[in-house]
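Written below as structure tokens is the structure these notes are about.
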Amino acid sequence: MSNEKIFADLKKSIETWDADLAEVATKAAIEAGIPAGEIVDKGLAKGMEVIGDRFDKAEIYLPHVLGASKAMEKALEILAPTLASGDTSYRGTVVMGTVLGDIHEIGKNVCCAMLKGAGYRVFDLGPDTSVESFLEAVEKEKADVVGGSALMTTTLMVQKDLVDAVNEENVPVKTIFGGAPCTQEWADEIGADGYSENAAECVQLVNRLLGK
Ligand code: B12
């Protein structure tokens with residue numbers, strides 16, 4: 001099977017909330033030697049973009065988005081060992097979570113898996129994480145970097161709350177942010193240390209911030 005066909009199937013599996021196709025296409029992609037980051041960015045995430053657009057236009061509804069998420073989760077479950085099987089020499093500790101009030105976690109999970117693959121110790125606090133929980137985990141795990149994902153315009157502000165709390169308490173940790181509505185401009189505006197558009201760049205960003 002050609003890589004084009006595999007990418008098309010990966011995209012289609014999410015677009016049509018077809019978990020079985022997601023499983024078959026992800027296995028085919030791994031077998032074809034396609035890097036895990038590309039399987040996500042050039043295949044699965046493209047399907048999720050279509051879902052987002054169609055949901056926006058009210059062509060589909062929440063149960064469909066949920067179905068697409070389930071197909072995505074199936075694919076990520078199969079991909080997890082591949083995503084996490086990179087350079088495993090220890091590079092640093094990262095605390096990650098999705099900010100308070102926000103339950104979206106697919107993108108954050110991909111970032112966590114790729115950071116693990118790059119040799120980072122990653123503590124994933126899950127979705128709907130309060131600023132206090134982020135700070136507690138940073139202190140407990142002596143984290144070098146803390147990352148907050150936000151997928152809604154309404155929860156972006158919590159990223160600022162996290163930067164403010166880190167500054168107020170003088171916590172020696174780098175702050176990084178991402179998620180669809182987050183931008184480099186926003187990260188600069190709130191005084192964050194970094195932003196990345198996708199998971200592969202998230203690894204490069206953390207490497208850069210820690211001088212690795
Ligand atoms: C899937 C999805 C869901 C799923 C989530 C399942 C799950 N387990 O995560 C479900 C169905 C549960 C859901 C629920 C809701 N959703 Co929704 N959802 C989406 C959708 C379609 C895709 C998100 C996704 O998974 N993308 C795929 C991943 C791979 O991409 P990503 O998240 O962007 O992550 C990448 C980068 O951003 C970056 N990144 C991500 N996080 C981080 C963190 C750091 C530190 C860094 C450096 C990088 C980084 O790297 C990732 C990997 O490459 C988006 C549409 C969109 N445009 O995003 C809407 C969307 C985010 N949802 C939306 C809404 C409104 C909701 C609901 C409120 C709906 C409702 N009426 O109940 C609820 C949310 C309730 C809540 N309190 O959170 C809106 C938000 C609008 C807004 N206000 O801004 C969107 C934009 C849809 C829309 N067009 O209206 N949703």
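Given the structure is predicted, the values throughout are model-derived calculations rather than measurements. First listed ligand is number 1; within each ligand, the first listed atom is number 1.
- Shown here, atom 46 (C) of ligand 1 is in close reach of the protein: a heavy atom of it lies under 4.0 Å off.
- For atom 86 (C) of ligand 1, the closest non-hydrogen atom on the protein side is Leu151 O, 4.3 Å.
- Residue contact check: Thr153 has heavy atoms under 4.0 Å from atoms 82 (C), 83 (N), 84 (O) of ligand 1.
- Scanning the protein for heavy atoms near atom 24 (C) of ligand 1, the closest one is Met48 CG, 3.7 Å.
- For Ser196, heavy-atom contacts with ligand 1 shorter than 4.0 Å involve the backbone as well as the side chain.
- Taking a 6.0 Å sphere around CD of Glu23, one finds it holds more than 12 heavy atoms contributed by other residues, nucleotides or ligands.
- In this structure, Glu201 has no heavy atom closer than 4.0 Å to ligand 1.
- A heavy-atom separation below 4.0 Å is found between Gly179 and ligand 1.
- Nearest protein neighbour of atom 44 (C) of ligand 1, counting heavy atoms only, is Gly178 N, 3.5 Å.
- Here the side chains of Lys57 and Phe55 are not in contact, with every heavy-atom distance at 4.5 Å or above.
- A 6.0 Å sphere centred on CD of Glu73 holds more than 12 heavy atoms belonging to other residues, nucleotides or ligands.
- Looking at Glu197 against ligand 1, only its backbone comes within 4.0 Å, counting heavy atoms.
- Within the 4.0 Å heavy-atom criterion, neither part of Tyr195 lies near ligand 1.
- Contacts of Ser69 with ligand 1, taken as heavy-atom pairs under 4.0 Å, involve the side chain alone.
- Nearest protein heavy-atom contact of atom 14 (C) of ligand 1 is His104 NE2, 3.7 Å.
- Counting protein heavy atoms only, atom 89 (N) of ligand 1 is closest to Asp56 OD1, 2.8 Å.
- Among protein heavy atoms, atom 53 (O) of ligand 1 sits closest to Ala199 N, 3.1 Å.
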